[in-house]
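Worth saying up front: this structure is predicted, and the values here are computed from it rather than measured.
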Amino acid sequence: MLKHELFELLSQVSNGDISTEQALARIGHLPFIQADHGLNLDPHRGIRTGISEVVFGPGKSLEQLYSAVEILAARQTPVMVTKLDEPKGCALAEKFPEGKFWKVPGIFVLNGNTDLDFPWQEYGEALIVSAGGADLPVALEALAACQFFGVDAGFISDVGVAGLHRLLPHLDSLYKARVIIAVAGMEGALPSVLGGLCDTPVVAVPTSVGYGTSLSGITPLLAMLTSCAPGIAVVNIDNGFGAACFAVKMLRKSQGADAGG
């Protein structure tokens with residue numbers, strides 16, 4: 001959108017010729033940005049969908065990552081890159097020293113309020129619950145994404161079914177949450193337990209953690225999909241980010257409904 005086109009659009013809003021909602025829809029479908037190294041960036045995705053563009057790290061070269069972060073940072077803040085290996089994460093932190101890289105879960109954030117350092121707060125509108133310590137990379141990815149998109153998020157770790165009594169001290173925070181993100185590998189039983197225990201919607205995230213017949217996450221995925229506990233939605237294997245996005249959208253919509261929007 002050229003400057004004179006944006007001016008004309010704003011003038012139409014000012015004159016009452018179109019609504020602010022119509023103008024927002026038009027702005028949200030602005031062209032993408034053609035960047036170097038084969039990237040087409042979408043800086044107005046947040047206007048359309050409520051979820052701004054986040055850079056998926058695997059498979060991208062350092063040059064692509066540098067270019068994406070530079071362009072997005074110039075037009076929107078904060079910027080997040082997910083599922084980075086340590087060399088690329090450290091390289092981004094060196095290139096953009098005002099940002100921060102967390103080795104677990106492989107997240108780089110620039111100009112954001114994300115804080116994954118221990119200790120984690122237990123209470124939040126979104127509550128991430130991790131079955132085991134090996135599920136932390138995926139669970140912390142969900143926590144990072146919730147924080148990135150401005151959702152108050154809590155975190156409970158290592159309370160899976162091998163020692164289910166570890167979950168009992170956290171019942172208060174479970175009952176107060178508005179959505180629970182349950183992250184589990186192995187047999188994937190934790191979401192079913194939470195779905196049968198709480199009236200809170202549960203977003204289940206299977207992880208690729210487990211022995212041979214867990215089939216790199218397929219077994220917990222199928223277990224979660226076939227759960228007899230009602231009120232469970234399931235995302236893809238190791239997709240903590242996707243679970244967080246679902247929770248963020250649900251919370252925003254429910255908050256709008258609560259306010260009469």
Spell out, yes or no, whether W120 and I180 are grouped together once hydrophobic residues are joined by side-chain heavy atoms under 4.5 Å, including indirect joins.
no

Is the number of heavy atoms from other residues, nucleotides or ligands within 6.0 Å of CG (N113) greater than 12?
no

Check: Y123/D172 side-chain N/O donor and acceptor closer than 3.5 Å:
yes

Mind checking whether V129 and L174 have side chains closer than 4.5 Å, heavy atoms only?
yes

With V205 as reference, evaluate I181, V234, L221 under the side-chain contact (heavy atoms from CB on, under 4.5 Å) test and give the passing residue.
I181

Evaluate the side-chain proximity of I218 to I237: yes if any heavy-atom separation is below 4.5 Å, no if none is.
yes

Short question: side chain of R252, backbone of K249 - any donor-acceptor pair under 3.5 Å?
no

Ignoring hydrogens, what is the shortest heavy-atom contact between V159 and R166? Give both atom names and the distance.
CG1-O, 3.5 Å

State, yes or no, whether a side-chain contact exists between L62 and K88 at a heavy-atom distance under 4.5 Å.
yes

F149 and V54, any side-chain heavy atoms less than 4.5 Å apart:
yes

Shared ILVMFWY cluster between I156 and L116, side chains joined below 4.5 angstrom?
no

Which heavy-atom pair separates S227 from S192 by the least distance, and what is that distance?
OG-OG, 2.7 Å

Residue pair L110 / A73: nearest heavy atoms and the distance that separates them
CD2-CB, 3.6 Å

Donor on one side chain, acceptor on other, W102 and D117, under 3.5 Å:
yes

Spatial distance of atom CD1 (I128) from atom CG (L140) [nearest 0.5 Å]:
9.0 Å

Going only through I, L, V, M, F, W and Y residues with side-chain contacts under 4.5 Å, is there a path from F155 to M80?
yes

Just checking E94: does its CD atom have more than 12 heavy atoms from other residues, nucleotides or ligands closer to it than 6.0 angstrom?
no

CD on E141 to SG on C146, rounded to 0.5 Å
11.0 Å

Without hydrogens or angle criteria, can the side chains of D152 and Q121 be said to hold a donor-acceptor pair below 3.5 Å?
yes

Where is the tightest heavy-atom contact between G196 and A229, given as atom of each residue plus distance?
N-CB, 3.8 Å

Would you name the heavy atoms of I51 and C245 that are closest together and state the gap between them?
CG2-SG, 3.8 Å

Do you reckon L127 sits in the same ILVMFWY cluster as L143, going by side-chain contacts under 4.5 Å, direct or chained?
no

Which class fits the ring pair F96 and Y66: parallel under 30°, tilted 30 to 60°, perpendicular over 60°?
perpendicular

Do we see a donor-acceptor contact under 3.5 Å between the side chains of S173 and E122?
yes

Any donor-acceptor pair under 3.5 Å linking the side-chain atoms of T207 with those of D238?
no

Step by step, work out the side chain to side chain contact (heavy atoms under 4.5 Å, CB included) result for V193 and L164.
CA-CA 9 Å; V193 172; L164 197 55; 3.9 Å; yes

Running the 4.5 Å side-chain criterion over Ile, Leu, Val, Met, Phe, Trp and Tyr, what cluster does Y211 land in, apart from itself?
M186

So, does D135 use its side chain to make a donor-acceptor pair with the main chain of G132 at under 3.5 Å?
yes

Side-chain heavy-atom pair K95, E70 within 4.5 angstrom cut-off
yes

Once you round to the nearest 0.5 Å, how far does CD1 of I107 lie from NZ of K83?
7.5 Å

Consider only side-chain N and O atoms of S254 and R178, and report whether a donor and an acceptor are under 3.5 Å apart.
yes

Beyond-backbone contact of V203 with V235, side-chain heavy atoms, under 4.5 angstrom:
yes

With a 4.5 Å limit on heavy-atom distance, are the side chains of L84 and L92 in contact?
yes

Is a side-chain N or O of S67 found less than 3.5 angstrom from the main chain of Q64, in a donor-acceptor match?
no

Give the minimum heavy-atom separation between P220 and S214, together with the two atoms involved.
CD-O, 3.8 Å

Checking Q147 side chain against A144 main chain: does a donor-acceptor pair fall under 3.5 Å?
no

For residues V109 and V79, determine if any side-chain heavy atom of one lies less than 4.5 Å from a side-chain heavy atom of the other.
no

Under 4.5 Å between side-chain heavy atoms, hopping through other hydrophobics if needed: is there a path connecting L194 to F246?
no

